[in-house]
Amino acid sequence: ITLVNSLTAHFDQPRLLILDDFHRVHQVGEIIQILDWLLEHLPPHLHIVIATRQSFQSPAINSLRVKGNLLEIGKEELKFTTDEIAELFQSQYSIQIDESEVLKLYEKTEGWAIGLQMVWQSIQSNPELDMQLLLESQLEFADTLFDYLAEEVLLRQDKQTQDFLIQTSILSKLEAN
């Protein structure tokens, strides 16, 4: 109540309240109750952004969803389409790629920005590298992505979590087929 009163009294311009990494606490009942209350009593100029890796249910979220007052951005919205890949490479990277290369890029990266950026960085560091050759070198791409994830994700975890992830990662490759 104090938070909402303070937000109402001190801010008359639109504001964002960002709850990041909400997946870490979305199963804590007390937090969901507080969030529900907050969503039901929001001042009109306050908007909440909930960043989470897992979808979750709550009475207030479900109500907003049903009323069409909830904007959800999932993995499909975050991935680049083939048209967006072509536009990205042309307008931002100044690289003309043909339709078959765009399709191969989409297939290889699934439209994820990090994968597309890694391809662009590979081209920047090796300007003489042919796009077709780069797209066929899947092993190098996978190794580079693994190195990135190891540095950016695994190494940022605490020692206990690192040990757990390493001990439980028994598969060298997993396919959905």
Side-chain angles (χ1 to χ4, degrees), residues 16-27 31 35 47-58 61-62 64-65 68-177:
L16 283 177
L17 173 63
I18 301 172
L19 305 175
D20 196 10
D21 288 336
F22 199 76
H23 55 276
R24 295 179 184 232
V25 296
H26 79 278
Q27 293 180 326
I31 292 175
L35 177 65
H47 302 281
I48 295 183
V49 174
I50 301 173
T52 180
R53 293 178 185 213
Q54 298 170 333
S55 183
F56 67 96
Q57 304 294 319
S58 85
I61 294 287
N62 293 338
L64 290 170
R65 187 178 284 125
N69 293 328
L70 180 69
L71 173 62
E72 293 181 273
I73 301 172
K75 67 180 182 177
E76 291 306 314
E77 290 82 14
L78 294 174
K79 296 187 328 185
F80 279 70
T81 65
T82 53
D83 289 341
E84 290 168 335
I85 291 171
E87 175 68 21
L88 172 71
F89 273 77
Q90 180 181 354
S91 66
Q92 298 299 310
Y93 301 158
S94 300
I95 299 172
Q96 284 293 116
I97 54 177
D98 64 38
E99 188 175 334
S100 67
E101 292 170 331
V102 170
L103 291 173
K104 188 74 172 173
L105 265 173
Y106 184 81
E107 176 186 310
K108 194 171 183 74
T109 64
E110 297 181 8
W112 289 105
I114 185 66
L116 296 169
Q117 189 172 35
M118 289 173 63
V119 169
W120 174 64
Q121 288 173 349
S122 295
I123 292 170
Q124 270 200 316
S125 61
N126 300 307
E128 69 283 346
L129 187 61
D130 177 60
M131 175 67 84
Q132 204 60 30
L133 183 63
L134 175 65
L135 293 174
E136 291 170 4
S137 63
Q138 185 164 351
L139 181 60
E140 181 180 325
F141 178 78
D143 289 344
T144 305
L145 183 56
F146 174 79
D147 292 342
Y148 169 79
L149 290 174
E151 290 173 16
E152 294 296 317
V153 178
L154 182 63
L155 296 179
R156 291 181 183 217
Q157 304 300 317
D158 60 73
K159 178 74 171 133
Q160 184 179 3
T161 303
Q162 283 182 21
D163 290 344
F164 170 78
L165 291 172
I166 291 169
Q167 290 171 6
T168 59
S169 61
I170 58 173
L171 302 177
S172 61
K173 185 176 183 180
L174 176 66
E175 294 183 14
N177 302 12

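Using a 4.5 Å heavy-atom threshold, the side chains of L78 and W112 count as touching.
The salt bridge (Lys or Arg N to Asp or Glu O under 4.0 Å) test applied to E76 returns K79, not counting sequence neighbours.
For CD of E99, the number of neighbouring non-hydrogen atoms (other residues, nucleotides, ligands) closer than 6.0 Å is 12 at most. Shown here is Q160, whose CD atom has no more than 12 heavy atoms of other residues, nucleotides or ligands within 6.0 Å. Residue-environment remark: CD (E77) exceeds the threshold of 12 foreign heavy atoms within 6.0 Å.
A donor-acceptor contact closer than 3.5 angstrom links the side chains of D98 and S100.
T109 approaches L105 most closely through the heavy-atom pair OG1-O, 2.7 Å. The two residues H23 and R53 have their closest heavy-atom pair at ND1-N, 3.2 Å. Of all non-hydrogen atoms in F89 and V119, the two that sit nearest each other are CZ-CG1, 4.1 Å.
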Would you sort out whether R65 and Q57 count as a side chain to side chain contact (heavy atoms under 4.5 Å, CB included), showing the intermediate values? CA-CA 10 Å; R65 187 178 284 125; Q57 304 294 319; 3.5 Å; yes

I61 and I50: CA distance, side-chain angles, deciding distance, side chain to side chain contact (heavy atoms under 4.5 Å, CB included) verdict: CA-CA 11 Å; I61 294 287; I50 301 173; 4.1 Å; yes

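Using cut-offs of 30° and 60° for the angle between ring planes, the F56 and F22 rings count as tilted.
With hydrogens and angles ignored, the 3.5 Å screen pairs a side-chain donor or acceptor of Q162 with a backbone N or O of Q157.
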